[in-house]
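First up is the structure itself, then whatever we jot down about it.
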Amino acid sequence: MQPIVSKLPGKGTTIFTTMSSLAAEHHAINLGQGFPDFPMDSTLTNAVNTAMQKGFNQYAPMAGWLPLREVLAEKINFLYHQSIHPDTEITITPGGTYAIFTALTTILQPGDEVIVLEPAYDSYVPNILANNAKPILVPLNPSDFSIPWESIRKELNHRTKAIIINSPHNPTGTIWSESDMLILQELVVQYQLYLISDEVYEHLIFDGALHQSVLRYPALFQRSFACFSFGKTFHCTGWKIGYCVAPQNLMEEFRKIHQYNCFSVHTPSQVGITEFLKDRSSYLQLGHFIQEKRDYFVELMKSTRFTLLPSKGSYFCCAGYDRISEQGDLEFARQLTLNHGVATIPVSAFYQVAKPSPYIRFCFAKKKETLEAAVEKLSLV
Ligand code: GLN
């Protein structure tokens with residue numbers, strides 16, 4: 001048997017799996033991997049259940065259940081004032097991560113360069129490498145994780161095929177501003193780039209801020225794959241359902257990759273989500289709901305020696321621990337799990353060259369009781 005030549009040499013198991021296993025093994029409270037521990041809306045589980053009972057159990061169309069794509073087009077028009085053709089410009093996918101992988105696989109040729117801003121969600125770089133393309137890593141501004149426009153400009157050249165952006169941002173909880181989007185639009189048009197926009201936290205945005213979707217910017221959208229997640233939106237990360245929105249010419253190629261990979265997505269979930277989404281409050285109240293959790297967590301954490309960074313969106317908040325320990329973040333997060341019973345994610349895991357980061361990431365999308373129990377332990381650290 002020929003040996004497998006690894007497409008991802010040097011990569012092991014993801015930090016999310018590692019920390020969740022460590023948490024389970026040591027009975028620690030898991031504020032690491034980003035998933036809610038509170039129940040999702042029973043209107044949605046009932047709608048999916050009803051869809052199954054009614055017999056919606058065979059293959060959905062390859063691009064997704066059309067009524068779902070129609071209701072999504074309406075939502076996009078309502079929120080972002082962009083008119084999207086449900087038949088040709090939306091594809092339902094098994095999760096946001098799959099949508100991102102498929103978009104990258106659609107556009108990349110060997111040797112193409114893709115700009116990735118670090119810290120970055122851990123799937124982007126492996127997705128680029130698996131396509132024999134080259135990630136160009138550009139650090140976000142270290143003081144506040146804002147966008148390093150000068151460094152980005154320096155990296156642009158004729159091999160640059162795409163840039164990946166993520167707002168609200170995992171792991172830092174920062175968000176893109178309108179002026180960032182306008183600069184991006186100018187560069188993307190000037191350099192004829194493609195844009196992969198990871199918007200899985202679109203509704204989890206706080207303090208009345210507007211989510212700067214690429215769908216708000218017609219010239220950007222013409223070159224974009226915008227990737228979304230129902231799991232993050234409706235607190236059901238285990239459902240693994242999301243969608244990609246892209247202009248027709250891009251979406252045609254995306255579907256060629258998608259149809260030979262998973263082909264189509266769980267039908268009853270799509271039928272149930274369609275019904276649920278018809279009521280706008282299903283998504284309009286989400287920012288407020290998660291903001292309450294952020295506020296509660298921030299208040300509780302005042303009793304600890306951690307230094308929280310501001311979180312403007314997502315499930316996450318980063319924290320410095322220099323008043324507690326001089327350990328590297330990987331070791332610190334391990335010790336915190338083992339000795340103090342709280343699991344987190346070391347932020348160095350969001351960098352390719354893992355130099356220790358002064359931060360760990362907390363997920364605050366948890367029940368009040370969970371946050372209280374965790375912070376009680378953290379206040380002893
Ligand atoms: N998106 C989730 C996080 O950042 C994890 C998803 C995963 O486990 N791969 O925590």
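We number each residue from 1, following the sequence as shown. Both counts, for ligands and for their atoms, begin at 1 and track the order of listing.
For L338, the side-chain contact (heavy atoms from CB on, under 4.5 Å) criterion is met by L22, H26, R334, not counting sequence neighbours. With sequence neighbours excluded, the residues that form a side-chain contact (heavy atoms from CB on, under 4.5 Å) with Q291 are F206, D207, R294, D295.
If you run ring-ring contact (aromatic ring centres under 6.0 Å, His included) between Y243 and each of W65, F230, Y98, F225, only F230 comes through.
At a cut-off of 3.5 Å, with distance as the only test, a side-chain donor of S20 or N30 sits close to an acceptor on the other residue.
Sorted by chain then number, the residues whose non-hydrogen atoms approach ligand 1 to under 4.0 Å are F16, Q33, G34, Y121, N170, Y201, K232, F316, R361.
A distance of 13.0 Å separates OG1 in T344 from CD in Q33, rounded to the nearest 0.5 Å.
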Under 3.5 Å, side-chain donor or acceptor atoms of residues 312-319 against the rest of the protein: list the pairs with distances, not counting sequence neighbours.
unit_1 : atom_1 : unit_2 : atom_2 : d
S314   : OG     : F316   : N      : 2.9
Y315   : OH     : K232   : O      : 3.2

